[in-house]
Amino acid sequence: LAAQEPLSEPCSEVMGNGTNGSTYRGCQARTIHGNICRDWSTVVPDMTGPDNEYGLGDHAFCRNPMGEKDTIWCFTTNPADDNVTWEYCQPIEENQPSSGLSKSSCT
């Protein structure tokens, strides 16, 4: 897993009040199946500027940019299934940093 760039905002695993987790700004970088997420800036560079409202950037943390999917998700790096380009994620539970990062390293 590549080193994640520090976020401009503190990492929060709270899903928030946004539609379907659209305001989630956590540090989860793995899908519910354990696949590693792809860096948003390599997939949707036009949505990852420093002032974007979606929480996207030069990182691979799960998001639900426009609240259109059921919950947070990411594009996956899983080469085993060419048909799957994205998967759902779950926020990191306390003491279980499944992204390989501690919560403190996300800020």
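- Hydrophobic clustering of Ile, Leu, Val, Met, Phe, Trp and Tyr side chains at less than 4.5 Å, counting indirect connections, unites M66 with W86.
- Minimum heavy-atom separation, E87 to T31: OE1-OG1, 2.5 Å.
- The backbone N or O of I32 lies less than 3.5 Å from no partner atom in the side chain of Q90, so there is not a single donor-acceptor pair.
- R38 and T42 make their closest contact through NH2-OG1, 4.0 Å (heavy atoms, listed as atom of the first residue, atom of the second, distance).
- Side chain of R25 to backbone of R63: no donor-acceptor contact under 3.5 angstrom is found.
- Taken together through direct or relayed side-chain contacts under 4.5 Å among Ile, Leu, Val, Met, Phe, Trp and Tyr, Y54 and W73 form part of one hydrophobic cluster.
- Counting heavy atoms from C-beta outward, N52 and M47 have side chains that stay 4.5 Å or more apart.
- A 4.5 Å side-chain heavy-atom check between Y24 and E13 finds at least one atom pair inside the cut-off.
- Residues satisfying the side-chain contact (heavy atoms from CB on, under 4.5 Å) criterion with S41, sequence neighbours excluded, are D39, T48, D58.
- Using a 4.5 Å cut-off between side-chain heavy atoms of Ile, Leu, Val, Met, Phe, Trp and Tyr, with links allowed through other members, L56 and M15 fall into different hydrophobic clusters.
- Within the 3.5 Å criterion, the main-chain N or O of N20 finds a donor-acceptor partner in the side chain of N64.
- Smallest separation of non-hydrogen atoms from C74 and W40: CA-CZ2, 4.1 Å.
- Between I36 and R30 there is a side-chain heavy-atom pair separated by less than 4.5 Å.
- Shown here is D46, whose CG atom has more than 12 heavy atoms of other residues, nucleotides or ligands within 6.0 Å.
- S22 pairs by the side-chain contact (heavy atoms from CB on, under 4.5 Å) definition with T19, not counting sequence neighbours.
- Of all non-hydrogen atoms in C89 and C37, the two that sit nearest each other are SG-SG, 4.2 Å.
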